[in-house]
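Read through the structure below, which is laid out as structure tokens, and then see the notes.
Everything numeric in this text was worked out from a predicted model, so none of it was measured. Counting begins at 1 with the first residue of the sequence.
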Amino acid sequence: MISNEKTFLDNETWRYFWHPVCTVKELEESDTGRGQLLRVKLLSTDIVVARLENGVVALNNRCPHRSAQLHLGWNKGNCIQCPYHGWMWGEGGKCMGIPAAPDGPIPPNAKATAYDCQEKYGLVWVRLDGSADTEIPGHIVYDDPTFKCVHGPSYDWKTHSARRVENYTDLAHFPFVHPETLGRDGHVTFLTPDIAFRKEGRMRFRYDPPKDARQAMDARGGMSPLAFTDYTINLPFGVTLDLTLQNGNRTVMWMWATPLDNIHCRSFWFACRNSDHDGPDQPHMDMQAVILEEDVDIVESQDPEQIPHPRDEIAVGPDKVSLTYRRLLYELCKAKADGPEAIKTWLNNERDNI
Ligand code: FES
Ligand code: CO
């Protein structure tokens, strides 16, 4: 067994990026009688998310007074009130009041730790460190009214976010892990995808499934998710699959593997389709559920959970996607060692061929 200590990625790097921490729906459903307050986790950091008057906020879940957990408190509209002695924490972690000392003064160091927080794509996103000035990646069709986007249920896997992304973009496992859904039993495809470019932290490649695999799938009755696919990885942990079906209809799958800690991730996802808007969403969701069920045990069996040093795993040509992805993550971690400015520079350094 290889120790997780030997990973070659610096997990502190992901602090500079935005990650979804919950769906807007989950936040809305979090009211247990004290207003909307939701406890979430990102990179081992315990966070409370709330919608206050001016939008969503994310505070460290620990009250600076006597360290009680804020998610047990109240959403008061303009602040989160601690459940223990009622101190009130507003936007930016500002202390808005101390019930036991109503006449003040508020100690100058009475400040809760606040993180950057915003809503986008029906998700609440948090960035632990804003100093690299990163952005939430754009989505190719979310604002296009010809597409209908539907969120699926998020799910937790015991693996590093990068392993999850690799699994999501791995073509060679289809015939083995997904013989009935994405691959064809006994049909091994040797693919060396062309990786097109890196720009703003994106790498992109295309997959044209072999015709016979596609036909076998179609013969099974229509719901075939096998299609020409344009893959984009948004560094560090996002993936967009733009699938074009034989009849020209498109489905765009989007997934982000949020690092809960170094060996657990939560995947958020939604699917957008430009046809059959009035049809049921459930069959699309069910197909995904089947595919995920096929993947989870194998991915969680990977030991170590984190991506180890290159010498500790073996690769061949068709592993090009994963090799390139690892190299880009590694370059990003190397840039991080030079500071947040270097991350920014690295992300903006456009290259056509990688
Ligand atoms: Fe939060 Fe005292 S611990 S107000
Ligand atoms: Co899979």
Side-chain angles (χ1 to χ4, degrees), residues 1-11 13-14 19-20 41-44 152-193 205 207 209 213 225-226 229 231 233 235-239 241 253-269 285-330 333:
M1 166 180 152
I2 300 156
S3 153
N4 268 324
E5 305 309 314
K6 286 196 200 153
T7 178
F8 79 122
L9 297 175
D10 175 357
N11 286 308
T13 310
W14 326 131
H19 304 274
K41 193 161 132 181
L42 173 60
L43 289 160
S44 301
S154 49
Y155 52 91
D156 294 359
W157 284 6
K158 183 173 178 288
T159 191
H160 190 277
S161 295
R163 289 260 202 222
R164 173 71 194 107
V165 169
E166 288 196 340
N167 165 253
Y168 205 84
T169 54
D170 181 302
L171 306 171
H173 82 290
F174 288 174
F176 303 97
V177 178
H178 308 292
E180 299 284 326
T181 46
L182 294 172
R184 182 177 150 201
D185 204 4
H187 187 116
V188 184
T189 46
F190 294 99
L191 291 158
T192 307
F205 62 97
Y207 171 57
L226 258 197
T229 312
Y231 281 78
I233 296 182
L235 295 175
F237 305 130
V239 187
L241 310 188
M253 298 287 307
W254 182 96
M255 188 281 295
W256 190 282
T258 291
L260 299 178
D261 58 32
N262 294 343
I263 58 167
H264 295 89
C265 67
R266 177 166 298 172
S267 299
F268 293 91
W269 66 280
M285 302 292 132
D286 290 348
M287 174 57 86
Q288 272 307 302
V290 170
I291 293 169
L292 296 174
E293 208 43 50
E294 291 170 344
D295 276 310
V296 59
D297 288 350
I298 306 294
V299 173
E300 291 191 341
S301 82
Q302 287 178 285
D303 180 12
E305 292 91 345
Q306 302 199 58
I307 290 175
H309 190 280
R311 74 170 165 257
D312 292 328
E313 288 183 350
I314 303 162
V316 291
D319 292 310
K320 185 173 173 185
V321 171
S322 125
L323 288 172
T324 307
Y325 175 60
R326 289 181 182 197
R327 182 156 56 75
L328 295 179
L329 288 182
Y330 182 59
C333 293

| said: Tell me if the CD atom of Glu293 is crowded by more than 12 foreign heavy atoms within 6.0 Å. | reply: no
| query | Looking at residues at least two apart in the chain, or sitting in another chain, which of them share a ring pair (Phe, Tyr, Trp, His ring centres under 6.0 Å) with Tyr168? | reply | none
| task | Taking all non-hydrogen atoms of both residues into account, name the closest pair between Pro153 and Trp269 and its distance. | result | O-NE1, 2.9 Å
| said: Between Tyr325 and Pro236 (side chain of the first, backbone of the second, donor and acceptor by atom type, cut-off under 3.5 Å), is there such a pair? | reply: yes
| message | Does any part of the side chain of Ile307, heavy atoms only, come nearer than 4.5 Å to the side chain of Glu166, both counted from C-beta? | response | yes
| query | Which word best sums up how the rings of Trp14 and Phe237 line up, parallel for under 30°, tilted for 30 to 60°, or perpendicular for over 60°? | reply | perpendicular
| field | Distance (rounded to the nearest 0.5 Å) between Asp286 CG and Ile291 CD1 | value | 11.0 Å
| query | Partners of Asp261 by salt bridge (charged side-chain N to carboxylate O under 4.0 Å, His left out), sequence neighbours excluded? | reply | Lys41
| task | Identify the heavy atoms of Cys265 and Ser161 that sit nearest to each other, and give their distance. | result | CB-OG, 3.4 Å
| task | Write down the atom of Arg163, the atom of Pro304, and the distance for their closest heavy-atom approach. | result | NH2-O, 2.7 Å
| said: Which heavy atom of Cys333 sits nearest to which heavy atom of Thr13, and what is that distance? | reply: SG-OG1, 3.4 Å
| task | Apply side chain to side chain contact (heavy atoms under 4.5 Å, CB included) to Val177 and list each qualifying residue two or more places apart in sequence or on a separate chain. | result | His173, Glu294, Asp295, Ile298
| message | Could you tell me if Gln306 and Asn11 have a donor-acceptor pair between their side chains, going purely by distance under 3.5 Å? | response | yes
| message | In the structure I gave you, are the side-chain heavy atoms of Arg326 and Glu313 within less than 4.5 Å of one another anywhere? | response | yes
| field | Check: Trp157 side chain, His264 main-chain N or O, donor-acceptor pair, under 3.5 Å | value | no
| field | Distance-minimising heavy-atom pair for Lys158 and Glu300 | value | N-OE2, 2.8 Å
| Interatomic spacing from OG1 in Thr159 to CG in Asp303 - rounded to 0.5 Å | 10.5 Å
| field | Atom pair CD1 (Ile233) and OG1 (Thr169), whose distance is rounded to the nearest 0.5 Å | value | 4.0 Å
| Among all residues two or more places apart in sequence or in another chain, which pass the side chain to side chain donor-acceptor pair (under 3.5 Å) test with Tyr330? | none
| message | Using side-chain heavy atoms (C-beta onward) and a distance below 4.5 Å, is Leu171 in contact with Tyr231? | response | yes
| field | Counterpart residues, side chain to side chain donor-acceptor pair (under 3.5 Å), relative to Ser267 (two or more places apart) | value | Arg164
| With a 4.5 Å limit on heavy-atom distance, are the side chains of Thr258 and Leu42 in contact? | yes
| Those residues that, when tested against Trp256, pass ring pair (Phe, Tyr, Trp, His ring centres under 6.0 Å) (two or more places apart) | His19, Trp125
| Closest non-hydrogen atom pair between Trp254 and Pro20, with its separation | CH2-CG, 4.3 Å
